[in-house]
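One structure is given below, encoded as structure tokens.
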Amino acid sequence: MKKSVFLAAAFCIAGATFAQDVLTSKKGMPILPEAGDYSIGIDATPFLDYAGNMFNGNVGNVSPSFAYGVDRPLAIYGKRFIDANSAYRATIRLGFGSMDTLNMVQDLSSGAASNAKVEDKISASAMNITLGLGKEWRRGNGRLQGVYGVEGLINLNSKKITNEYGNSIDTISGTSRVLETKNGLGFGLTARGFVGVEYFIAPKMSLGAEYGYALGFNVQGYGESTNEVFNGTASEEITSEDTGTKTSGFGLDTDASGFNIKFNFHF
């Protein structure tokens with residue numbers, strides 16, 4: 001009887017030790033995410049390429065670097081865990097940019113023989129915003145976790161180019177020139193479900209991949225342009241609306257770009 005009790009206790013201790021080895025590191029650090037943890041995801045491709053090149057004799061192997069996921073270009077992707085088995089997901093990109101190009105051109109008002117210069121300026125600005133929110137659930141008690149859930153994404157984008165001329169319009173050979181062009185506002189909306197896997201290679205560090213099935217809609221509105229026109233005695237600005245083309249699209253399909261391997265860091 002005592003021998004049976006001893007064997008049963010030994011098996012229980014061994015089982016508990018094995019479970020502990022799976023879920024904690026040798027230093028006792030938890031391997032899987034816990035309630036309140038945050039996570040940031042990056043594209044794993046540069047790191048996998050680097051590791052693969054170590055074994056193929058490539059002498060020009062470039063050091064790996066942090067990179068945005070190909071399915072969310074230039075967007076930050078993260079999670080906040082509600083508990084060990086569920087988390088909120090968020091995607092954010094707030095892109096605003098501008099660039100000025102300056103060119104020195106001949107001052108036409110001073111005569112053809114003059115070397116005097118004036119400055120032309122081209123100013124370009126753009127906006128690209130992506131926001132996403134979703135929720136994921138996971139299954140599995142070991143290092144390998146199954147992941148599934150839903151999320152929605154919205155995108156807004158626009159672009160504008162402005163021209164400032166050093167020469168007045170009455171000195172140029174033409175009678176019209178562009179002052180400003182605007183692209184129509186772009187709007188995109190996506191709702192997707194996803195399923196994937198995540199394997200924890202170290203405490204709070206995992207490699208993951210997922211497939212998605214998405215319903216998407218996008219529209220690009222008409223643009224607008226403003227021209228300066230010279231009528232022989234004076235100049236005036238004329239704005240033309242609904243320039244260019246208007247496009248819209250709708251799709252329901254697997255989002256192939258959503259399948260890429262990510263590194264996920266939890267903290």
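Just the heavy atoms: all of them, side chains too, but no hydrogens, waters or symmetry mates, feed the values below.
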Please confirm whether the backbone N or O of L179 pairs with a side-chain atom of E228, one donor and one acceptor, at under 3.5 Å?
-> no
Spatial distance of atom OG1 (T91) from atom CD1 (I154) [nearest 0.5 Å] | 13.0 Å
Roughly how far, to the nearest 0.5 Å, is CG of D37 from CG of D83?
-> 11.0 Å
Shortest non-hydrogen contact from I169 toward S235 | CG2-CB, 3.6 Å
Do the side-chain N and O atoms of S109 and T171 include a donor-acceptor pair separated by under 3.5 angstrom?
-> no
Polar side-chain atom of R143 near backbone of F200 as donor-acceptor pair, under 3.5 Å = yes
Group every Ile, Leu, Val, Met, Phe, Trp and Tyr by side-chain heavy-atom contacts under 4.5 Å, then state whether L133 and I76 land in the same group.
-> no
Which heavy-atom pair separates L153 from G132 by the least distance, and what is that distance?
-> CD2-CA, 3.6 Å
Start with the C-alpha distance between T190 and E151, add both sets of side-chain angles, then the distance that settles side chain to side chain contact (heavy atoms under 4.5 Å, CB included), and finish with yes or no.
-> CA-CA 8 Å; T190 302; E151 67 179 341; over 6 Å; no
Passes side chain to side chain contact (heavy atoms under 4.5 Å, CB included), M127 versus L185? Steps please.
-> CA-CA 10 Å; M127 176 268 290; L185 180 65; 4.2 Å; yes
Do I201 and F263 come within less than 4.5 Å of each other through their side chains, counting heavy atoms only?
-> yes
Taking atom types as modelled, find out whether Y38 and R80 have a side-chain donor-acceptor pair closer than 3.5 angstrom.
-> yes
Is there a side-chain hydrogen bond (donor to acceptor under 3.5 Å, both in side chains) between T243 and S225 once you walk through the steps?
-> CA-CA 7 Å; T243 60; S225 66; 4.7 Å; no
Face-on cation placement of K262 at Y77 ring, 6.0 Å and 45° thresholds | yes
State whether the side chain of N128 and the backbone N or O of K159 hold a donor-acceptor pair below 3.5 Å, judged by distance alone.
-> no
Short question: side chain of S114, backbone of A116 - any donor-acceptor pair under 3.5 Å?
-> yes
Closest contact, heavy atoms only, R138 versus P33 | NH1-CG, 4.4 Å
Taking it one step at a time, do T130 and N155 satisfy side-chain hydrogen bond (donor to acceptor under 3.5 Å, both in side chains)?
-> CA-CA 4 Å; T130 299; N155 175 262; 2.9 Å; yes
Heavy-atom closest pair, residues K204 and P30 = CE-O, 3.7 Å
Polar side chain donor-acceptor pair, T233 to N231, under 3.5 angstrom = yes
Given side chains that start at C-beta, do those of V147 and V197 come closer than 4.5 Å, heavy atoms only?
-> no
Smallest separation among heavy atoms of A214 and R192, with atom names | CB-CB, 3.7 Å
Non-hydrogen atoms of S39 and N264 that approach each other most closely | OG-CB, 3.9 Å
Short side-chain to backbone donor-acceptor contact, N167 and L108, under 3.5 Å = yes
How about L215 and F250: do any of their side-chain heavy atoms sit closer than 4.5 Å?
-> yes
F96 vs I129 side-chain heavy atoms within contact, under 4.5 Å | yes
K160 atom NZ, over 12 foreign heavy atoms within 6.0 Å = no
Please answer: with hydrophobic residues joined when any side-chain heavy atoms are less than 4.5 Å apart, are F265 and L207 in the same cluster?
-> yes
For N183 and G223, indicate whether the former's side chain and the latter's backbone hold a donor-acceptor pair under 3.5 Å.
-> no
Flag the pair E136 and K79 as a salt bridge only when some basic side-chain nitrogen lies within less than 4.0 angstrom of an acidic carboxylate oxygen.
-> yes
CG of L156 to CZ of R93: how many Å apart, nearest 0.5 Å?
-> 12.0 Å
For the hydrophobic clusters of this structure (ILVMFWY residues joined by side-chain heavy atoms under 4.5 Å, transitively), does one cluster hold both L144 and I261?
-> yes
Reported CD-to-CG distance for the pair E180 and N227, which is rounded to 0.5 angstrom | 10.5 Å
Salt bridge check: are E119 and K117 linked by an N-O gap of less than 4.0 Å?
-> no
Of the options I122, D120, I172, which is the one that meets Y165 in a side-chain contact (heavy atoms from CB on, under 4.5 Å)?
-> D120
Is the backbone N or O of V178 less than 3.5 Å from a side-chain atom of N163, with the two atoms forming a donor-acceptor pair by type?
-> yes
Under a 4.0 Å N-O cut-off, is there an ion pair linking E210 with R89?
-> yes
Looking only at side chains, do S206 and E198 share a donor and an acceptor under 3.5 Å apart?
-> yes
Measure the spacing between CG of N218 and CG of L189 and express it to the nearest 0.5 Å.
-> 10.0 Å
Taking everything shown except Y88 itself, do over 12 heavy atoms lie less than 6.0 Å from its OH?
-> no
OG of S25 to CD1 of I31, rounded to nearest 0.5 Å, is 6.0 Å
Under a 4.5 Å side-chain heavy-atom rule over Ile, Leu, Val, Met, Phe, Trp and Tyr, are M29 and F267 clustered together?
-> no
For F81, all residues meeting ring pair (Phe, Tyr, Trp, His ring centres under 6.0 Å), sequence neighbours excluded = H266
Run the numbers on R139 and Y148 for side chain to side chain contact (heavy atoms under 4.5 Å, CB included), then give the verdict.
-> CA-CA 9 Å; R139 294 178 61 87; Y148 61 96; 4.2 Å; yes
Less than 4.5 Å apart, any side-chain heavy atom of Q220 and any of N157?
-> yes
So do the side chains of N103 and K121 get within less than 4.5 Å of each other, counting heavy atoms only?
-> no
Give a yes or no on whether M104 atom CE has more than 12 heavy-atom contacts from other residues, nucleotides or ligands under 6.0 Å away.
-> yes
Determine whether V105 and L102 fall in the same hydrophobic cluster, where Ile, Leu, Val, Met, Phe, Trp and Tyr are linked whenever their side-chain heavy atoms lie under 4.5 Å apart.
-> no
Taking the side chain as every heavy atom from C-beta outward, state whether V195 and Y213 have any atom pair closer than 4.5 Å.
-> no
